[in-house]
There are 2 protein chains.
Amino acid sequence: MISSKCNCDRCQHEVCARRVPIFSTLSIEELQKVVNLIYRRSYIKGELIVIEGSNLDSLIIINSGQVKAYRDTQDGKEQILYVFSEGDFFGEKNLIINQAATYNVEALEETNICAIRKEDFQKLLTEHPSIGLKIMEELCNRLDRLEKTIEGMGSKDVEARLGMVLLEFARKHGKESGEGILVELPLSREGIASYIGLTRETVSRKMTLLQNQGIIEMVGNKKVLIKNIKLLEQTVQ
Amino acid sequence: MISSKCNCDRCQHEVCARRVPIFSTLSIEELQKVVNLIYRRSYIKGELIVIEGSNLDSLIIINSGQVKAYRDTQDGKEQILYVFSEGDFFGEKNLIINQAATYNVEALEETNICAIRKEDFQKLLTEHPSIGLKIMEELCNRLDRLEKTIEGMGSKDVEARLGMVLLEFARKHGKESGEGILVELPLSREGIASYIGLTRETVSRKMTLLQNQGIIEMVGNKKVLIKNIKLLEQTVQ
DNA sequence: CGCCTCATTGAAGAGTATCAAAAACTGTGG
DNA sequence: CCACAGTTTTTGATACTCTTCAATGAGGCG
C-alpha cells in the first residue's frame with residue numbers, strides 16, 4: 001500500500017498523523033485510534049483559521065500549506081508571532097490552559113489541516129503520556145525560539161534579526177542549488193517586517209544591503225538566494 | 001502541626017513541594033514521595049545557580065528568594081529573560097529536550113531552592129501524568145508572556161514596555177499601601193533595562209517621566225510607589 | 001563621614017520611522 | 001507574447017527617538 005498515492009480520506013488522515021512529530025512515538029494500532037479522531041478542513045490563501053478571542057476547542061495540525069499566527073496591536077498593525085508549516089501544531093494553549101485564542105491564524109497559501117477535539121485530545125493525553133512529553137518538547141522548542149527572538153530584539157542589531165528570519169526560512173523551505181540555497185519566502189516584505197518588529201521600508205533597505213554585501217541575492221519578490229550562508233550566520237551571531 | 005513554624009529539613013521540603021503549583025494536584029501520599037526525591041541548596045546574592053552551556057540535570061524550584069535568568073549577548077551585554085521567584089521552576093528544558101542550559105541563572109538575593117534529579121522527575125512524570133499537564137500549563141503561560149513581550153517590543157512604545165515590567169513586579173511583590181501599591185524592585189535600573197531591551201539611561205528618563213505624570217513615585221532606588229495603577233495600565237494597553 | 005556604586009541629567013550622534021514618490025513585480029486579458 | 005492595472009517593493013528626504021559619551025548627583029555601607 002503506497003499511502004502517499006492514495007487520496008481517500010482515510011489515508012490522508014493517516015499520512016497526517018504519521019507526519020506529526022507529537023504522534024511519532026505511537027504504534028500503528030495507536031495511530032489508527034488517533035486517525036479515527038481526526039477531522040479535516042481546507043483553507044484558501046488569506047482565509048482565517050482562528051480568530052483572536054474566539055473559543056478554539058481543537059488542537060490543529062498542519063497537514064500541508066503554511067499559516068501565520070499574528071496579533072493586531074492597539075495601533076492597528078499586526079504582529080506576526082509564528083509561521084507554521086507542515087507538521088506544526090497550534091491551539092494547544094486553548095486546550096491546556098482553557099483560554100480563548102490569543103492570536104489570529106491565517107492561511108498563507110492553500111492549507112489543509114487536521115484537528116482533534118479537546119475532549120479527544122485530553123483523553124489521548126492521559127492514555128499516552130508520551131504524547132504529552134512530545135508536546136512539552138515542542139513547547140520548549142518554541143520557548144527557545146521566542147527567547148532567541150527576544151534576545152535578538154533586545155540587542156538592537158536589525159540586520160541580525162533579518163538574518164535570523166532568513167535562516168529560519170532557509171531551514172524550513174530552503175532548496176540547495178548550485179550557487180547557494182534558494183528560499184521561497186512565506187511572507188511579503190511587510191510580513192517579514194511585522195515578524196521582526198520593523199517597517200517594510202527598513203526591511204527593504206536591509207535586504208538590499210545584504211545583497212550589496214554579496215550575502216544574498218533577491219530573485220523576484222518572493223524568493224531569495226542565500227549565496228554565502230556562512231557570512232549570514234556570522235551576521236546573526 | 002504548624003509546618004510553617006517547623007524548620008526541620010523534612011517540613012521545609014514538604015512546604016516547598018506544597019507551594020509549587022506543578023505538584024498541586026497530588027495527594028498527600030504522593031506529595032510525600034515527591035518530598036523524598038527533593039534535595040535543597042542555598043545561594044547568596046550574586047551567586048550563579050546555573051551556568052549557560054553547562055549540563056543541568058535537575059528541575060529546580062524556588063522555595064524562597066528571587067533569581068534572574070539571563071544570557072550574555074555577543075556584544076557583552078546581558079539580556080534578562082525571566083525573573084523567577086517563590087514557586088517558579090526552571091531547568092525543565094534541559095530535562096525535556098536534553099540540551100545544555102541556554103541561560104545563566106543568578107540569585108538576586110538569598111535564595112533557597114528545591115531540586116529533583118532528571119531520572120526522578122521523569123519517573124514522576126510517567127507515574128503522575130497530571131504533573132505533566134501542570135508543566136504544560138506553565139510552559140503555555142510562559143509562552144504567553146514571551147509572546148506579549150515580543151508584541152510589546154515590536155510596537156515600539158518604550159514607555160509601555162516599562163509599564164509592563166512595573167505591573168509584573170507589582171503583581172508579584174506589590175504591597176497595597178494608603179497612597180497606592182508599593183513595589184520592591186528586584187532589578188536595578190540596569191537590570192530593568194536589560195529586561196526590556198533598553199539602556200539604563202533611557203529607563204531612568206522614562207521613570208522620571210512617569211513620575212512627572214504622577215503615575216509613579218520613586219522611593220529611594222529600589223522601591224516604586226504606583227500611585228495611579230489605572231493610568232499605568234492605560235499606558236501599557 | 002567618606003568612599004563606592006548606582007542613578008540622573010545633558011548634549012551630540014546614529015538609526016529607524018514616517019511620508020511621499022518612483023520603480024518593479026504579478027497576474028490578467030487581449 | 002505583450003500590454004496594462006493593481007499591488008508590492010524600493011528609494012529618498014526629514015523627523016523623531018534612543019543610544020552613546022560625559023559629567024553630575026544621590027544612596028548605601030563600612
Side-chain angles (χ1 to χ4, degrees), chain A residues 44-46 68 73-80 108-110 152-163 165-166 184-213 216-225 235, chain B residues 44-46 68 73 75-80 108-110 152-163 165-166 183-213 216-225 235:
Chain A
I44 58 168
K45 179 177 172 176
K68 65 175 175 184
T73 61
Q74 57 269 37
D75 48 332
K77 290 177 196 164
E78 70 179 43
Q79 167 75 46
I80 297 181
L108 291 168
E109 55 190 52
E110 172 134 18
M153 289 178 112
S155 68
K156 43 120 201 55
D157 202 329
V158 171
E159 280 167 68
R161 281 195 253 171
L162 181 56
V165 182
L166 291 179
E184 188 132 352
L185 300 173
L187 298 174
S188 65
R189 296 288 181 281
E190 177 141 36
I192 294 174
S194 136
Y195 197 29
I196 55 181
L198 299 172
T199 59
R200 55 170 172 277
E201 292 96 329
T202 304
V203 171
S204 256
R205 285 185 245 267
K206 294 301 174 187
M207 292 268 281
T208 28
L209 219 122
L210 285 175
Q211 180 165 256
N212 292 341
Q213 292 169 342
I216 65 167
E217 189 177 312
M218 297 185 245
V219 184
N221 275 338
K222 301 200 169 161
K223 288 179 191 168
V224 163
L225 181 69
T235 315
Chain B
I44 59 168
K45 180 177 173 178
K68 65 175 175 184
T73 61
D75 48 332
K77 291 178 195 164
E78 70 178 42
Q79 168 74 46
I80 297 179
L108 290 168
E109 56 189 53
E110 171 134 17
M153 289 178 111
S155 67
K156 45 115 199 57
D157 202 327
V158 171
E159 279 166 70
R161 282 195 252 170
L162 181 56
V165 182
L166 291 179
V183 185
E184 187 132 353
L185 299 174
L187 299 174
S188 64
R189 297 288 182 278
E190 178 141 35
I192 295 174
S194 136
Y195 197 28
I196 54 180
L198 299 172
T199 60
R200 55 170 172 277
E201 292 97 328
T202 304
V203 171
S204 257
R205 284 185 245 267
K206 294 301 174 188
M207 292 267 282
T208 31
L209 219 122
L210 285 175
Q211 181 164 256
N212 292 341
Q213 292 170 343
I216 65 169
E217 189 176 313
M218 297 186 244
V219 184
N221 273 339
K222 301 200 170 162
K223 288 180 190 168
V224 163
L225 180 69
T235 314

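Lettering of chains follows the sequences in order, A, B, ..., and the numbering in each one begins at 1.
The backbone N or O of B:Lys45 lies less than 3.5 Å from no partner atom in the side chain of B:Glu110, so there is not a single donor-acceptor pair.
To the nearest 0.5 Å, the span separating NZ on B:Lys206 from CD on B:Gln213 amounts to 9.0 Å. A distance of 14.5 Å separates CZ of B:Arg200 from CE of B:Met207, quoted to the nearest 0.5 Å. One distance of note links CE of A:Met218 with CG of A:Leu225; it measures 12.0 Å at 0.5 Å rounding.
With contacts defined as side-chain heavy-atom distances shorter than 4.5 Å, the pair B:Leu166/B:Leu210 qualifies. Side-chain contact check for B:Asn221 versus B:Arg189: some heavy-atom pair is nearer than 4.5 Å.
In this structure, A:Arg161 and A:Gly197 approach most closely via the heavy-atom pair NH1-O, 3.9 Å. Considering every non-hydrogen atom in both A:Ile80 and A:Tyr195, the closest pair reads O-CD1, 3.4 Å.
Separating the NZ atom of A:Lys223 from the C1' atom of C:dT26 is a distance of 13 Å, rounded to the nearest angstrom. In this entry the distance linking CE of A:Met218 with P of C:dT26 reads 13 Å, nearest Å.
Looking at heavy-atom distances under 4.0 Å, A:Ser188 makes contact with sugar-phosphate atoms alone, never a base.
Contacts between residues 201-213 of chain B and DNA chain D, defined by a heavy-atom separation below 4.0 Å, involve B:Glu201, B:Thr202, B:Arg205, B:Lys206, listed by number.
The terminal axes of the helix from C:dC1-D:dG30 to C:dG30-D:dC1, fitted over 5 pairs per end, subtend an angle of 40° to the nearest 10°.
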